[in-house]
Amino acid sequence: MPSKSHHRPLVLLVLAALLPLVALSAAFGGAWLRGQQSAMESNAVSLVDRMSALVDRELSAQMDALKAVAASPLLDGLAAGREVDAVAFFEYAERVQGALPLWSTIVLSDVEGNRLVDAPFLVGGVRGRVLDMDSHRRVVETGKPVVGTILRGPRGVHAFPIRVPVTRNGVTVAVLSAVVMPEGFQSLLFGNSLPPGWIAAVIDAEGRLVARAGGAPNLIGRHASETALHARRTAGSGVYDGVSLEGAPTVVAFRKLHDYGWSVHFAMPRDAYRAPVSNALWLAGAGALASLLMAGAFLWLLVRELRLRRRQEAAREESLRLESLGRMTGGVAHDIANLLTVVMSGIAVIRSRPNDPDRITRVLPEIEGAVTRGQALMRQMAAFGRRSVYEPVPFRLQDRKAALEALLARSAGSAVDTALIVPDSLWPIIADPDAMEVALLNLAVNARDAMPDGGTLTVMAENRSLPGRRGDDTGLTGDFVALAVRDTGTGIPPEHLRRIFEPFFTTKPDGKGTGLGLSQVFGFARQSGGTVTVTSTVGAGTTMTLYLPRAATGRDPG
């Protein structure tokens, strides 16, 4: 069965995959719902455009028919002041009404508004003046057709007049009116199936309802709502927030008929219109909440995973440390055993020939070298155990040149040519002199091991003023003395360069190195206020540069 540690990355992967999907789903869902609102508005505008065209065409057709009647020869006598043949005109009007059933009455009136002929019967039972004198007066004054306002007639029925001038020889001699029943426009509205709760209305030029579909059925002739009248006073078409005559909040699309002053309105319930946006906001909120919860869960699991990984890395490093400690113990034991062998062998030679000064003279340097290497090894062990206490003091490398040359020669061996270059102008440095010698010893030993067939080891000291620019590999600012230790050995592979200063890291075979030498060099340099850098080319050699701070003194120490 797979362990829980195998499940954690899978859960993180699933959350990372689902998080953008949830956010995108919420965004697309919100966009789709907002699109639904746009579709409702587009539908209302489309209905308004279609209905406006129908109403405009119907009014134009009614007016054209009335113009044809006004051009009848039966009315020519009016130009000469003669009376109209009422019987003949009555019969003619009756035939026209048969073709136009929405015309309840045809009225011929003089320019003063007096009714001359009513067909098929007298309006109100007696002759008199026309109703809606405003529209009659406009026809006489302008000589153009006019659609009047809808009014309740003597028989209690609502209707509106269409009036055209009777013109002979360019003069208006009478006005012909057709009293039109609004049922035709009502059928136009009812013929277009409306979504539930929608209201359609046709409003005349005076702001009265000519026809209405949806809502209360008994509002014909009443004034339309103020929001509707305000909308058409300020624009020829558009969408506005309104309130129906029943008091319901609506969103209305409308268009005005510029030739007649009428307008057509389609009202949607405001709740239904705004529901998609509300749902989109709820969906966006739910998506955002789900995204936040998932993001929180993802971050919590990620932090938990990183902590577990750090613990695992720490455990792995501890395991590697213990493994390296075991290798180091074996290497140190092997080195100490070799050194003790050299010492014991020398002592045995001295005891066997205590009176042979020449032999003793030859043996003593070997014993001293073994003891020196043992001391260096103990210093390395102490540095690793953090028991080293450096005591920095100002001193001049020029004063220690001879001792350092001998140290380099002994450390490198007879197969390696050594050279120490210390200019007289070299600045004094401040560091622990003994720790510096151990560091140079470790560098020399590493260089010797990199040249098993011999080579050249050069140590060059020089003054360096470091500006601390970005990209500088030292990371230092100020005056330093740089000790560059160059060898012509095998070089260090690039993959090992970043690890060579780690404790216990070594590329030497088991028993040939502890991995503490370069770690001591790095620790000494950093604790002294400097650093150590390395450049290497495989097959061409390596340069280790030890930077030590310049002593802050006005004169060179003696």
Side-chain angles (χ1 to χ4, degrees), residues 33-64 102 145-150 158 160 162 180-277:
L33 287 170
R34 287 192 295 271
Q36 291 293 100
Q37 185 186 64
S38 298
M40 291 177 64
E41 183 175 321
S42 298
N43 185 30
V45 171
S46 176
L47 287 173
V48 162
D49 291 341
R50 188 165 62 250
M51 180 57 60
S52 299
L54 289 174
V55 172
D56 187 80
R57 187 171 61 192
E58 183 69 19
L59 286 175
S60 297
Q62 299 281 348
M63 193 167 286
D64 289 342
L102 292 181
V146 169
V147 178
T149 189
I150 188 168
H158 282 92
F160 64 90
I162 297 177
V180 183
M181 307 300 293
E183 283 81 0
F185 299 96
Q186 194 80 7
S187 65
L188 284 176
L189 292 179
F190 280 114
N192 291 273
S193 58
L194 295 176
W198 285 41
I199 298 174
V202 177
I203 303 174
D204 68 13
E206 300 298 325
R208 295 178 180 273
L209 290 171
V210 177
R212 195 170 190 260
N218 56 347
L219 300 177
I220 302 302
R222 287 188 53 178
H223 279 285
S225 66
E226 181 55 35
T227 53
L229 299 179
H230 175 75
R232 74 176 195 174
R233 281 196 302 267
T234 56
S237 63
V239 178
Y240 62 90
D241 287 337
V243 178
S244 70
L245 293 176
E246 293 85 358
T250 57
V251 176
V252 188
F254 81 100
R255 179 172 293 279
K256 189 175 180 180
L257 308 181
H258 294 288
D259 291 339
Y260 306 110
W262 287 26
S263 58
V264 179
H265 301 248
F266 275 85
M268 303 168 279
R270 192 178 300 174
D271 291 342
Y273 177 76
R274 294 182 176 176
V277 173

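The first residue of the sequence shown is numbered 1, and numbering continues consecutively from there.
A search for salt bridge (Lys or Arg N to Asp or Glu O under 4.0 Å) contacts involving Asp259 returns nothing, not counting sequence neighbours. The side-chain hydrogen bond (donor to acceptor under 3.5 Å, both in side chains) test applied to Asp56 returns no partner, not counting sequence neighbours. Residues that satisfy the side chain to side chain contact (heavy atoms under 4.5 Å, CB included) test with Val252, not counting sequence neighbours, are Tyr240, Thr250, His265, Ala267. Residues satisfying the side chain to side chain contact (heavy atoms under 4.5 Å, CB included) test with Asp49, not counting sequence neighbours, are Val45, Arg255.
Here the straight-line distance linking atom CD1 of Ile162 with atom CG of Asp64 works out to 10.0 Å at 0.5 Å rounding. We find the CH2-CG distance between Trp262 and Asp204 to be 6.5 Å, quoted to the nearest 0.5 Å.
Residue pairs that meet the side-chain hydrogen bond (donor to acceptor under 3.5 Å, both in side chains) test with at least one member in residues 228-238, sequence neighbours left out, are Glu226-Arg233, Arg232-Ser263. For the ring pair (Phe, Tyr, Trp, His ring centres under 6.0 Å) condition, no pair includes a residue of residues 39-58, sequence neighbours left out.
A 4.5 Å side-chain heavy-atom check between Ser60 and Tyr260 finds at least one atom pair inside the cut-off. Looking at Ser225 and Val243, their side chains never come closer than 4.5 Å, going by heavy atoms from C-beta outward.
In plain terms, the two heavy atoms of Ile150 and Leu209 that are nearest each other are CG2-O, 3.8 Å. Here the closest heavy-atom approach between residue Gly207 and residue Leu229 is recorded as CA-CD2, 3.6 Å. Pairing each heavy atom of Leu47 with each of Trp198, the nearest pair is CD1-CZ3, 4.0 Å. For Ala231 against Phe254, the heavy-atom pair with the smallest separation is O-CZ, 3.5 Å.
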Take Val147 and Met63, measure what side chain to side chain contact (heavy atoms under 4.5 Å, CB included) needs, and give me the verdict at the end.
CA-CA 9 Å; Val147 178; Met63 193 167 286; 3.6 Å; yes
Check the pair Ile203 / His223 against side chain to side chain contact (heavy atoms under 4.5 Å, CB included), numbers first and verdict last.
CA-CA 8 Å; Ile203 303 174; His223 279 285; over 6 Å; no
Begin from the C-alpha positions of Arg212 and Leu245 and carry the test side chain to side chain contact (heavy atoms under 4.5 Å, CB included) through to its verdict.
CA-CA 11 Å; Arg212 195 170 190 260; Leu245 293 176; 4.3 Å; yes
For the pair Asp241 and Thr227, evaluate side chain to side chain contact (heavy atoms under 4.5 Å, CB included) and give the outcome as yes or no after the intermediate values.
CA-CA 8 Å; Asp241 287 337; Thr227 53; over 6 Å; no
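None of His158, Arg208, Glu183 except one satisfies the side-chain contact (heavy atoms from CB on, under 4.5 Å) rule with Ile220; the exception is His158.
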